[in-house]
Every structure is written in structure tokens, then in C-alpha cells.
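Below: the structure, in C-alpha cells.
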Number of protein chains: 4
Amino acid sequence: MSTVWGSKIKLTIFGESHSEAIGVVIDNLPAGIKLDIDEINREMARRAPNGGEFSTPRKEGDKVEIVSGYFEGKTTGTPLCGIIRNTNTKSGDYAQLKSVFRPGHSDYGYYLKSGGNNDYRGGGHSSGRLTATLVFCGAICKQLLRKKGIEIGAHIKSIKDISDKTFDVNIDKEFLKSLTHEVLPLIDKSVYEPMRETILDAKSQGDSVGGCIECAITGLDGGIGEPFFESIESKLASLLFSVPAVKGVQFGKGYELTKMYGSQANDSFEYKDGKVITSTNNNGGILGGLSTGMPVVFDVAIKPTPSIFKEQNTIDVSKKENTKLSLKGRHDSCIVVRAVPVIEAVSAIAVYDLIKD
Amino acid sequence: MSTVWGSKIKLTIFGESHSEAIGVVIDNLPAGIKLDIDEINREMARRAPNGGEFSTPRKEGDKVEIVSGYFEGKTTGTPLCGIIRNTNTKSGDYAQLKSVFRPGHSDYGYYLKSGGNNDYRGGGHSSGRLTATLVFCGAICKQLLRKKGIEIGAHIKSIKDISDKTFDVNIDKEFLKSLTHEVLPLIDKSVYEPMRETILDAKSQGDSVGGCIECAITGLDGGIGEPFFESIESKLASLLFSVPAVKGVQFGKGYELTKMYGSQANDSFEYKDGKVITSTNNNGGILGGLSTGMPVVFDVAIKPTPSIFKEQNTIDVSKKENTKLSLKGRHDSCIVVRAVPVIEAVSAIAVYDLIKD
Amino acid sequence: MSTVWGSKIKLTIFGESHSEAIGVVIDNLPAGIKLDIDEINREMARRAPNGGEFSTPRKEGDKVEIVSGYFEGKTTGTPLCGIIRNTNTKSGDYAQLKSVFRPGHSDYGYYLKSGGNNDYRGGGHSSGRLTATLVFCGAICKQLLRKKGIEIGAHIKSIKDISDKTFDVNIDKEFLKSLTHEVLPLIDKSVYEPMRETILDAKSQGDSVGGCIECAITGLDGGIGEPFFESIESKLASLLFSVPAVKGVQFGKGYELTKMYGSQANDSFEYKDGKVITSTNNNGGILGGLSTGMPVVFDVAIKPTPSIFKEQNTIDVSKKENTKLSLKGRHDSCIVVRAVPVIEAVSAIAVYDLIKD
Amino acid sequence: MSTVWGSKIKLTIFGESHSEAIGVVIDNLPAGIKLDIDEINREMARRAPNGGEFSTPRKEGDKVEIVSGYFEGKTTGTPLCGIIRNTNTKSGDYAQLKSVFRPGHSDYGYYLKSGGNNDYRGGGHSSGRLTATLVFCGAICKQLLRKKGIEIGAHIKSIKDISDKTFDVNIDKEFLKSLTHEVLPLIDKSVYEPMRETILDAKSQGDSVGGCIECAITGLDGGIGEPFFESIESKLASLLFSVPAVKGVQFGKGYELTKMYGSQANDSFEYKDGKVITSTNNNGGILGGLSTGMPVVFDVAIKPTPSIFKEQNTIDVSKKENTKLSLKGRHDSCIVVRAVPVIEAVSAIAVYDLIKD
């Protein structure tokens, strides 16, 4: 099943880019939790297209209507369903895409999978728009995690060739929080301008760029997680790779570890001020699938937005012939920016599912 | 739940490095399938420590006893359980590890998780030994996939700084199969010697090295997979990250994609000899979570074996103090070699779970 | 998790009696299926309160809005979500029930479970109203089953002391279908009047009555089902007992079998016109959890509606004292009538989950 | 999937009557629990055939070997696997059953389901023998429940026409425990002799009898359970109907409730000595799927053992013709006796899965 996820909570997502609505049902939330709706709306706004310079001109309110599981300002413990109406849809833009498939998109796969019965408008069910449901769910999980001292934040590690610094071994909670208030969350603010230019340059060419997002989870106790199929890495990766455009995930030093000796890669344990820590955190706070008590750190590779305005080679299945495609419409030239809150959100969901009592 | 996995099949693994036995139950296999037991044993032998120059001197037969679900040489469609007795165990080697934790291992996490009730001998349940159960299950899935024209093979992409070539866009099935007969499966045989030296050099220093394994799945039809939580990437990654020591996974060009323009990263569709292909395969045969019909290609980063013979800093929880640890016993200085059949196996399991009727 | 069900399909239900909406997400339906919306609406109307003599005067349209997974009149294979707005709600009726619990209802359990945070209006999430989502889902499954020659129908086996006949060993498909068009579906029409009187008599006293519903599934091939946890009996029972007010389920002759000798209870196999049948069907078409190819037959016991107008003893938790309760509002005096389509619906869901390719 | 069950724990069963072994894997047990192995063995012995007057002469030790998840006398929190070897098997008895199906058994269904590849010896996977794995798992759950003040016990409510009394509204824990030490557990000891005669009489005729088992769960807090799909009734019923030969399940007064008025069926709440109770317990301690805090009470209908020695009509699929079958071998003439610990066991499993932290 594709659209039900979780062990301790269950989330079920539904909807297409141009269907009546998209939404999510979250089952098994605790009862009696006051939700900070403003904070949820703020998270939704971080992801929503806002017409800004880094975003598609398509503007969507992404207003969530909570239709169940919420009573007198608190969760009831029954399934909480949030629905987002699809209002600002220009279905006309997509008519030709019924048989002419966009390179880099899932259109062709869905065409095959559904025997031609897919809703091809705007990517249908596999549209990035569906990540709004994950951000909503993640915003709730973040609030639940915060009650347990767990904070999640991310920054843009790179856009094309422009790289930010990476997280230190010790990560300050307030700094993580502060990142969520920035358009381009960065550790080294001096890369803001070159990143901005890289994105706008691609935009001006009708092209797109990708990048990496580094995410950290602080405050997670040691000994959380499971071996094998529910290792923290497995659990996070299964959700991270659910996010459209994510093509790589690495924990701690990840691929760099393959170039090290074991004696360099191993993180020594030590008592410091009566607490167990590791002197380094090359393993990203996870050993054998379980947390060590150090920050959980990982990054994801996000490919360039496949929707570009340059002419591309593709096929037309209705005519069974090769053809050219020039996309019109409204697209992000760098989806990395709007992906940051999504990566945080799915991380929050994964961690909450691991630690829920 | 950590030890039950799958949608269409369910596999349940159990066992500790030094418990009576390890094993796996595979539910929902089709009935009436003749298994090639020799082939299964060959796959088991690829992973088993064999006392060779790249392996720990610990020798284990890894003989699987099939105790159910198999009758008169065929599957019955009921749960097939395979059990491997733990015979060649030297529990004495591990006595000190009850309270002194090996850096880079899960011992500390398990200590916390179980309140000190973990079976600390040889890594307990999180031991790499458990991957024998996955190889057994994978060997069965490989046979089932082969009936549908699907072949899986892998090579060592790199050991420390020594790199093999990578797979071409088109991958020959027979070549994939032939890789499974080599000790160090490589595309460019000329790197065999430098790789061998890198491993033996680390070994002679009492140290270890890691590397990358690239894996390919050919013959998979387009339109397989699901969006989001059961994307091919999510499904594969959840199993790949279950394999101890895997710290990174990337599909297609993975992290390299983040440096490309969209116009470079997109794989154009074209008709060729009446068949739909993509001209390049930067996305590793997967778009929006669904297969394109091109080979599914990905690689994993495997960290250096954490068990090294050099003295390391760590803690002793029984004394609540810092201490030094010098490991004795038998360990691989490069686990990448024995990980190759494991990566193939979990890939076979993931793909079979996706395509089973 | 309470609200996600299924192996091959997954259904997720949500909503409370007085929340904004109730609904259901159905995952993994096949793509390209034309739905007969009129037929779905007819099924919804069978369950909906209609102000008739056997029903609560509360009238609800129960109009389902399909918000996803449905495009150009066909399923897309992505999650299909149906939403029903709660419009005709008189929340004022329920104010006193926050702390004074209705005997026979789940209010007290929910109060405990949620720490007093439950939506107590109209039974909240455990309201019979939620069965509308099951009827919607069941109506879709019925259409899918019909394509495979499977028909499901039910009749009222008894209301209090008044009993209908039971199904014959052979059950005609057209007869089953015809039952779904009657207000009180009966095999022996002569019991209509005494049943009607029994219900109206209870109504006039402000009391309620229960009864039994017998259901049959025809056209199911032999060899369907699984042993143990997914036996047809387990699967059906888990859904049948999900229906509020069901307190007993028996298959075939059920409890009567306990009075027979084995030689009487066993159904002999025989070839008849080249087909395998059983001469009798005491086991209700199920042996060892698997279908025999004979009609699957079972009945359920439905308790009298707990909402009655007679004064009852209960407690007030706000005052921690015993008290009296006289319910007002609109209630069914015999829920059996409206339960018939619900029993059929969940049976259709269970069977479809078993036979889906 | 047929053989994996549970939400908070997962149990996976495997094996056939005449395969090498049967067994069970229990995942997600808490770590650090000392198991009373003698008590487990005592439970196993209650179910095992012992050559006594009510049992098949087939004697099986049913000795469980715990091969994982158990270290130094305590659970480790990793999957606990228990294996029971099949030793006393006379496969020769079953040779003719490959194509001649026993009435009342699952042989024909399995033949169809597996395309003739089923292990037909002794009922294969659907053999009652598999319930030994459930008793083992239940014995562990009982010990875990006892730590929380929850006790489970059952008595034989009836054998054919001979009926015991039923449980009172208030049930004494010690009395429940004492029932588990009797061969024919009864409330009214005076029915022992007539029950015994009924069974032995059937035995002497080469026939069999069935009966009902009533089970009670005391000490369960109110507010446990979930609405709908994980109602206590659904959860218990899904396991109870997994037990071979169970054909009916009713909670509280069950089918009797259908003859009552609502005013009679409703259980009034009242404060008594500061505690909330219901004056009656017609609903068997469950309302709307949730516990009320009263004892959970239900009974199951168990059909007569289908294995009888009288000649029966059946078919031979190898010859495609009708034939006669006279069973030889060793069979119980009343499986109800040995089913008592099985019913208790699955009840313990279901309840533990509901209340586990």
C-alpha cells in the first residue's frame, strides 16, 4: 500500500494536484493535546508557493480544514483528518500531457501503472503538492516532539556548486529553531547571495537547479530505534525517499565514511560532565540503527526540478512517435527551497513514530 | 516492529549472534515452486565467513534447515521457515563487552534500550550475522524474479580511494549474473589488485576500510512501484539501511544530480525499435517512485568495519568511567566484500514484494 | 491502530457524529473502474435515516463527495477519498452527556480513554453514523465483486422473538439482489407484519428491540482465505464486530453445531454435474478458514438500540454520584433494519480484500 | 497475510503437522522479563495430547526450544522464537488423503489454494497442532498480564446437550486460576460425570461431539480498546476464529440480547464503594468496542471434531469420482477439552496486544 505509513501512528494521504482536495488522516494521536494552529499555518506557508523570487508564481493558500479528531481546541485521540481544497488550478495547462510525457516526471510510469487512467493534470497523485499533507502532519508531530525536548531543523547544504557549512558536532536547539524562520536557511549567511544568483540564473535560462538539505534532530535519547527494518535510518529513509525529487540520503559523514579507516570513522564514547557522549559524530547519532544520544544528522540530495522551459525530447504515446515538448505554466526553478520544511516534516513524523509511548 | 517486513510477502527474522539459532519466516510465497537448493547454498556461501584473505577467520557453515512450508521439493504456499544453528561461537571472547562498549557498534544503544538485558555477545540481535537470514530469503526471491525475467547483480564500486567503473546505461543480464561468481566483483578487473592491497594493508595495521557497492536490477517493467511511502526508492532504502554498516544510499546519479541543471539531469524519453527507453538513465530507472523500464541502479555507502584491533577510547558503564578497549577475536577488515550478496539479497526481496501478483 | 483496515486494500475511516465531516480513504483500488454512482447512492440511502416508521426522525442526506482518486468517471488507482459533511446536527441535544453516561453506549469508555477529551456529542467517533463510510466503501467493493460473479445479500433473520426462515443450501443470486430492495428484507414475507408490530410496539413504549441478520455470499470460488489469522471467519468477524451493536457472529449452523455429532455436522463432498459441492452446508461454506465453493453463510446478533426514552440509572462523573437519565432526541427503536446494508457492506469489503488480484 | 498478527506485538507462526517443526516468533516483547518456564510447560501440557480418556492416543511432548530473544533467563526485547519439533508423526496414516478429502476438514480448500502442492499429512499447516504455538505465546502473555492484575480463565460451558452454569457478574480471580488446573474445568462440578459420559459415548461410536467454552478476563481497566477495527470484540474474534473448529463467538449475553428490550439489555452504571461498576454485565464488559472495567466475558462454539471413524461420503479428485472414506489413525472425540487452554491463550494474546505500553 502506498499511502498508509507508520507503526505507532498511521498516516494516510490522499489527493491529486487537481482533484477536489488533498488531505491526510492521522490515526492514534494522543488525546487532549492543544495544537498551535498559528504555528501549523506558518509551517504550511513555508512550503506553499508564495509568488516570491524562488517560487512558482502559482499561489496556493494551503489552508487546512481539520474535519475530525479535534474538539474544543484539543485532539480527541480519534483520527484527525485535515483537508486542503485545490482551488488555484489551471487544468488547461496540462491537456497535452495526457500522452506526451514530461522527462524527469512520473507521468509515464503512472500512465503504464493505471492503464492510461491516471489523472495526468499537474502530476496527479505524485505531485509535489501532496507534500503539503506531510507538512501539516509534521507540524503536529513537531509540537508533540517539542514537549519531549526534541527539536528538528534543516539548512540548505548546497545549491548546485554553492555550498554552505555543515552542522557542528554540537547543535544548539535555538539555532535550529531560528533556521525555520529564514527563506534560505543557512549556517554561513555569506553564501546567501551566490545561492540566490545561482537559482535566479537558472530561472532566467528557463532551466532549474538542485541541491542538498542537511537536517538535524536534537534531544533524542540514546537507545531509540530498532534493529534492521525499523532502524532509524530505514525509517527516516523510507519517508525521505517518499518526498518527490529526493535521490540520495546519507547519515553522518555518509559517503565520506567509505574513504576513512575504521580508526578514523569510529566515534569514541566518553563520559563528559557525567553524561555519555561521543567525541565525534561521524555516524550521525545512529549506530546499528539505534540512537546514541548525539544529534541525528543526515542530508538528502534533491535533483533539479524536472519541469523546465527549455525544449526537450520525449514521446507521444497516442501517436507512438518521438516528439518535442516545451512546457508552459508555473514551476519552481529550484525546489530545494520549498523542500526544506518538507524534509523537516517527514523527519518529525518518523521520529514521533519511533518515540511515541 | 523491527523484525517483520513487507506488503505482499512478510518476512520475520529472529536470532542473536550467539543464541541457539537465527532464522527467518517467509510468508505468502507462491505454492508449487521448486527451489534450487544448490543455488541457495551458493548464495549463503558468498556471504559466510570462509577463512579467505578478505574474511574473518571465523568459519560458519550457515547451513539452512527448512523446517516448514516446503514439501516434496516444492513450496506449499504456507510460511517457509529457515533456521541456521549458531555453532562456531566463542562466547568467551565477548565477556568484557557487557559494560565496555565498542565504538561504532550498537552495543551502547542496546544496553540502553533493553535496560542492560541485551545479549551482548557478538552484537546480539544486531550482529551482521543476521544478514544470513536475508541472503536466504533473497536467494529465494531471486529465483522467483528470474522466472519473470528480472536479474539482480552488484559490483564493488569502491574500496576506500580505489574506484571501479560504474554500470553503463545498458546492462547485460549475463554480465550481472557473472558478477555473482567473483570474490571481488568488478567491472574493470584492473582494479582488483589495488583494491586487494588496500584491504590487506588495513588488515595488517589492525584497521579496517569501507567502500561502495553499486547494484543493478534489470528486466523490471515500467510502471512498477507506488508513489510516496512505497516508492521503489523508499522500499529499497528501507531494506538497504537495514543492512548493518550502510550509511548512504543514492539512486541513479544521486548526489551528482544536485550539481546538474534540470536540462542535464532529465532523461529524455524516446521510441527505439518500438520500445520506450530513456536516452540516459540519470534517475536510475525510477521517476516519481515508479519504474521507467530502464535498469534500476543505485549504490550504497558502507562504512569501515567498526571492529578494529587498534586501541580505542570508550566507556565502562559498570564503573562509570572512561577506559581503553583493545578488541580481540576474529573480524573482517573490509565488510564490503561479504556485503555484496546481502545488498543483492535485500534488493531482490524489495523488488519481489513490489511485483508479486 | 483503530481506523485502518485491510491487507490488499486499506481503508481508513475518520470523523465524529458532530465533527465537520466523516469520511473514508480507500487505498489500492484498481485503476480504470467505472463506478455506478446511482447504485452507491442507493446503498447510502438504505442506511441513512429517512424519517420512515422504522427509523429515527433525524434525516441525513449522506451525500458522499469523492475528492480524490476518481477522474473522468473512473478510478485512477490512487487513494479514493469520500467525504460526508455533517449537516443536520443538533449538538445541543447532547450537552448533558459530557459527564452523564448513557447505559449501553461507549461514552464512559471514551471518557476514560481520552481523559475526558472525547467529543461526546452523539457518540463521537463511535457513533453508528460512521457506518455510512463503510457502506460507501462496501458499495464500491460490491461492484468490484459483481464483476467476478460474487453477490452478497442479507435478510432479517429475527427481530426479538419473531423469526424469518433461514437461507437454503442453494441460494439464488437474483433473490439475494432482490432482498436489497426491501425495507424489511425477508425470506418469508408473512413475518413482515409481526416484525413491524414488534418494532412499533417497542417504539411506542420508548423502548427498543434487537435481532439477527443472516448474510450470504455466493459465487466465491473454493480455496479462498488463509489459515489462522486471515481465515475467512477471522476476517469477516473482525469487520462484523466493528459494526456498533453486533454482539455475536456465527458461521453456518454456528452454535447449533455444538449440539450435533461429528457425523451430522460434517458436510459430505460430492461431484454433482462435474462440479464439487457439499451435500449440506452446516459449515457455512468455510472449512479450516478457507472457502469450499459453497455459499458463505453467517449471521450476526444485534443488540437492542441502547438509546431508549425510558428513565435509566447511571452516574454523573462531574458530581461523582449516581443519577437518573432520560434521553431526549431522535433515535431508532430498532437499529437492525438500518444495519442490514452495513452488514452487507463490511462483508463485501472483507471478501474483496481476500480475492483482489 | 495469514500468519503474522498483532499491532503492538507481532506474532508469526509457522509449521505443518508433519513438517520438521512448528514454531512462533514473538516480536516486541519487553526486555528483562523473567519467564516462568515451568508454568509455560504446564500450559503446553494442558493442550498436548496426553493419551488420557478425552484425548487422542497420539502423544506429543510439545517441548518448546527457545532459540532467540532470551538470555540468562530473561527476555532481551528482541524477537523470541520458540520451536517445537514434530517427532511423533505417522505420515503413513495420511497417504490416501492426498486426493480423498476428509469432510469437515480444510484439505479440499488447501488442495485448491495450493494447486495440489499442499502438505496433506495431518492437515498440514491448518492442523490443530499449530495451536501449540499459540498456547506458548499465550502463556508468555498471561505472565505479562498477571503483572498488571489481569487474569484469564475459561470453563466448558457445554458439551453437546450437557450444560454447565455460566459465570456470575462478579468473577473471582482465584477461581479463574483454579479452573486451569482441571481436566474438565467446570463451575458446577456435578455436570462432570454426564459430560464425561457424553464424550466417551461418542468415542465408543467412532463419532465426535462439540461444545461451548466460556472465557473471562478480569482486571482489565475501563477505556481499553479502540472503536471499529480494533474493538475488543474485533480483536478477540479475529484470534478466536483463528482457532480451528470455532464457528461462533458471542460477547456477554450475545444472541440472547436479541430477544431483550433495550431497557433490559442496557447495563446501568453506578458508583459502588467509590468505584464505577455496571449493575449487570449483559454486554460482557465491552461497550462500543471499549472495556467498561467489568469482566470481559464471551463464549465460543466449537464444532464436533471432523475426524470420525464412521464411514463418510466424499470425493477422490485423482479419479474425479465420488467415494467413501473411513478414517484410521488417532483423533480426539471431543476437541473442546484441549481447546480450553487455546481459547485462554489467544485471549491473552489479544488483550496483551491491546494494553501493552
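None of these values were measured; they are calculated from a predicted model. Every chain is numbered from 1, with letters handed out A, B, ... down the list of sequences.
- The shortest heavy-atom contact between D:Val67 and B:Arg85 is CG1-NH1, 4.4 Å.
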Check your understanding: Is there a side chain to side chain contact (heavy atoms under 4.5 Å, CB included) between D:Thr12 and B:Asp27 once you walk through the steps?
Key -> CA-CA 9 Å; D:Thr12 302; B:Asp27 190 21; 5.9 Å; no
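- Residues passing the side-chain contact (heavy atoms from CB on, under 4.5 Å) test with D:Ser114, sequence neighbours excluded: B:Ala31, D:Asn117, D:Asn118.
- Of the two parts of D:Ser126, neither the backbone nor the side chain holds a non-hydrogen atom closer than 4.5 Å to a non-hydrogen atom of chain B.
- In the displayed structure, B:Lys98 atom NZ is contacted under 6.0 Å by at most 12 heavy atoms of other residues, nucleotides or ligands.
- Proximity of B:Thr76 to D:Tyr110: side-chain heavy atoms (C-beta onward) are nowhere separated by under 4.5 Å.
- Counting heavy-atom pairs closer than 4.5 Å to chain B, the top residue among D:Cys81, D:Gly69, D:Gly15, D:Gly77 is D:Cys81.
- If you take CZ on D:Phe71 and NE2 on B:His125, they are separated by 15.0 Å, rounding to the nearest 0.5 Å.
- The structure places CG of B:Asp119 at 13.0 Å from OH of D:Tyr70, a figure rounded to the nearest 0.5 Å.
- Listed here is the closest heavy atom pair of D:Glu20 and B:Ile66: CG-O, 3.9 Å.
- Proximity to chain D among residues 133-145 of chain B is not found for any residue, judged by heavy-atom separations below 4.5 angstrom.
- At least one side-chain heavy atom of D:Thr78 sits under 4.5 Å from a side-chain heavy atom of B:Glu16.
- The NZ atom of D:Lys10 sits 6.5 Å away from atom NZ of B:Lys10, with the distance rounded to the nearest 0.5 Å.
- The part of D:Ile83 that comes within reach of chain B is its side chain, from C-beta onward, which places non-hydrogen atoms under 4.5 angstrom from that chain.
- Annotation for B:Ala21 and D:Ser68: closest pair O-CB, 4.2 Å, computed over non-hydrogen atoms.
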